[in-house]
Amino acid sequence: MTIRNTLRDHGQRYRPRMACLKKAEKMLLEMQDPDTGVKSQPQRLVITTIPHAITGEDIVAWLADRFQVDTQEARSFGSMLVALGYIYPLQDHKRLVIKPDASLYRFQTPYFWPTQQWPVEDTDYAIYLAKRNIRKKGILEIHEQEQYNRLHKWMNHKWDFIVMQAKEQYRAAKERKKPDRVVFDCQERAYWVVHRPPPGTVSGMDYGLDRRVDPNADEVTGERREIIVLHILSCSLVKYCATYHSHDPFLSKCLPSNPWQTDDNTYWTLNMHNVEIPTKMRVERWTFSFRELLSDPRGRDDFRLFLKKEFSGENLAFWEGCEDLKWGTATQMKEKAEQIYKTFLARGAPRWINIDGKTMEITVSGLRHPHRYVLDPAQTHIYMLMKKDSYGRYLKSPVFKDTQKKAVCPEEHKFSDAQLEQNARNRRPSLSPIILRQQEQEQRAKMAANAPVDITQVMSKLSKQGKDGKELPPSRRTSKT
Amino acid sequence: SCMNNNKLRLVVVACYRHLASCVGSCTDSLQLRDELRQTREKAQKLSAAICQHLTSHLRDKSLPEDQRKEMELLWVSFSSSLELLHVDMCKVFNAGDLFPLANTATLVKTGLQGGTEVAARALSVPDLNQAPAAALPDGLESQERSTMEQEIGRIDHMIDDMELKVNVLRWMVEPRGPQYADPLSSADSASLALLSVDEEQPGQQPLCQRSLVFVLLLLFALVSVAVTLSVCIVLFS
């Protein structure tokens, strides 16, 4: 059942699925159990006592016990419940956090629980503000005052209704006993702190824009093929998570220490682009997939070294050239394309790559009008070649094994609080990215200057020498499809 | 008379909201649900009458201008209160789902202690047709829920119907009342403020009161000590 909001209808009207709300509700119900729930105590006010107040430490202890987590996590969990509006603080009502001491909280009544189905209406807010003003003139805070004026402007046609309804609600409230009235006032106030947060705070129910599709609508039953595809995708996702679990700084420890937490840069300096000795974790990541190896600059260097020994470095050089073309500036595209053609693709080129005839045809014809992606087919071909052939041999090669042996595994840092403060004070900005890019370019120029020797150059040299009658060494070309 | 009816309806809607806020809390009971039902029926009856009245008047093209303006004001007020009632009914319906009265262990401990006259206020609103409020039999909860569903549907239908039949240009409607409502009675607010002294943020007022009490006690203690000392001196000198 949805309210038909006739005033606003732009087609995007559904609130997103907020699965956490249903789960929080279930947990709230568990907390109410008189035997296993949270212990409550009466709250003593000046004139009367109001029952069912709970302390922050009791809530945190109950959560830690129920979910078998440590107090820190139980605390953040409790704060989430307060931020969503299921529990509200009795003192310091504007700060929606759980304080794990004797500060008092109370459960919010289900009427004021956050829901996914209905948005929180401005009309209600206007009535609430009007009611507060009726109770005591001038009690509204500055931001509430501003909101009130704004609503008066935008809901001007309803204003009589709002004022009258505020008066009626106020009068109806007087029929209740005084303690109940106080409780209801607290409940309403807590509700509006959650849904119309004071400036400088964020509402826990902030969900961004509305959605076009109703998440509660009946889901269409998919075809079998879609189910199979989903299954495959989920399996690959599971596999990815399992593989990268120990490498994720959120899920496992970051060695030696996470710089964001301890302000110590060792992790970053050990994992720089051109470091001599990589860390063990980094080397392990190169074995996960070829893409990982290529995307890590240090891995690429290692791979380049291996290919140099195998005399098939032109593949990687061509691939890098293609990447350069794809991501480079538009003004230099034509020259780059020509350069690549002359170096790698032309007949008798110094570093000729061997791609099949069809791809070569497409590439050469495309190069007549070069654009960013003209070398894509050739690049893909070479990439797959390297992946299926060279990568496997690289992982078994002495170069890689050597790197693996030399890889360093740093010790975990154990900083005391004083040391952490010291680190925080010694924070310095890192090297500027402009300087880093300049260094990269210098390195690239140096590499281009002493280009490694490829088999074609060796062959051409040897063929020149062979004319003097020497034997040619057996070719060690990699097999091409 | 239509205006009066609307005012009465506002009374009922306000009371319904107060009752609805107790659903699912520790004061929830069969009696509360019954009161909700009766209040709801009252609101429905009033709504039906007002709706008919307003629709027929506003569709009448020969209505003089000032009367039309008044009717439009009423229309806006009525449709807003209908929407409010609709939300409240939906919330009560959903809460009824979550908190079946059979299991009282899961009712939320909200600190309420119950015993209100709110329902009495709602039900004391005079009926239009003077028909006696039918004491419905204590039906099962499921029956109650299906009737509730029907009534929510009916209100939904009413809102839609109204929008279809009469086209009120909301931006042309001007309110008559002031921006700020006048405070109703100050005596009550003072006592409430005293009650909620502990609830407020530790601001200046409560702190002053507390520290004042402390200082007074200290002074009293000092004075009593001085008195006893002087008495001792007098006795032993």
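Residue numbers start from 1 in every chain, and the chains themselves are labelled A, B, ... in the order their sequence lines are given, proteins ahead of strands. All values below were derived from every heavy atom in this structure, side-chain atoms included, with hydrogens, water molecules and symmetry-related copies excluded.
- A 4.5 Å side-chain heavy-atom check between B:Leu74 and A:Phe161 finds every atom pair outside the cut-off.
- Taken to the nearest 0.5 Å, the CD atom of A:Gln187 stands 5.0 Å off from the CG atom of B:Leu112.
- With a 4.5 Å cut-off on non-hydrogen atoms, A:Glu25 touches chain B through its side chain but not through its backbone.
- Across B:Gln113 and A:Ile50, no two heavy atoms sit closer than the pair NE2-CA, 4.1 Å.
- The shortest side-chain heavy-atom distance between B:Arg17 and A:Asp124 falls under the 4.5 Å cut-off.
- Of the atoms belonging to A:Thr109, heavy atoms from both backbone and side chain fall under 4.5 Å from chain B.
- Formation of a donor-acceptor pair under 3.5 Å by the A:Gln32 side chain with backbone atoms of B:Lys109 is found in this model.
- No side-chain heavy atom of B:Thr110 sits under 4.5 Å from any side-chain heavy atom of A:Arg106.
- Using a 4.5 Å heavy-atom cutoff, the side chains of B:Arg176 and A:Trp159 are not in contact.
- Residue A:Tyr86: no heavy atom, backbone or side chain, is found under 4.5 Å from chain B.
- With A:Glu168 as the partner, the side chain to side chain donor-acceptor pair (under 3.5 Å) test is satisfied by one option alone out of B:Arg9, B:Arg121, B:Lys7: B:Arg121.
- With rounding to the nearest 0.5 angstrom, the CE atom of A:Met164 is 4.5 Å from the OG atom of B:Ser77.
- Neither the backbone nor the side chain of A:Thr36 comes within less than 4.5 Å of any heavy atom in chain B.
- When all heavy atoms of B:Val108 and A:Pro110 are compared, the closest pair comes out as CG2-CG, 3.9 Å.
- When all heavy atoms of A:Ala172 and B:His18 are compared, the closest pair comes out as CB-CD2, 3.8 Å.
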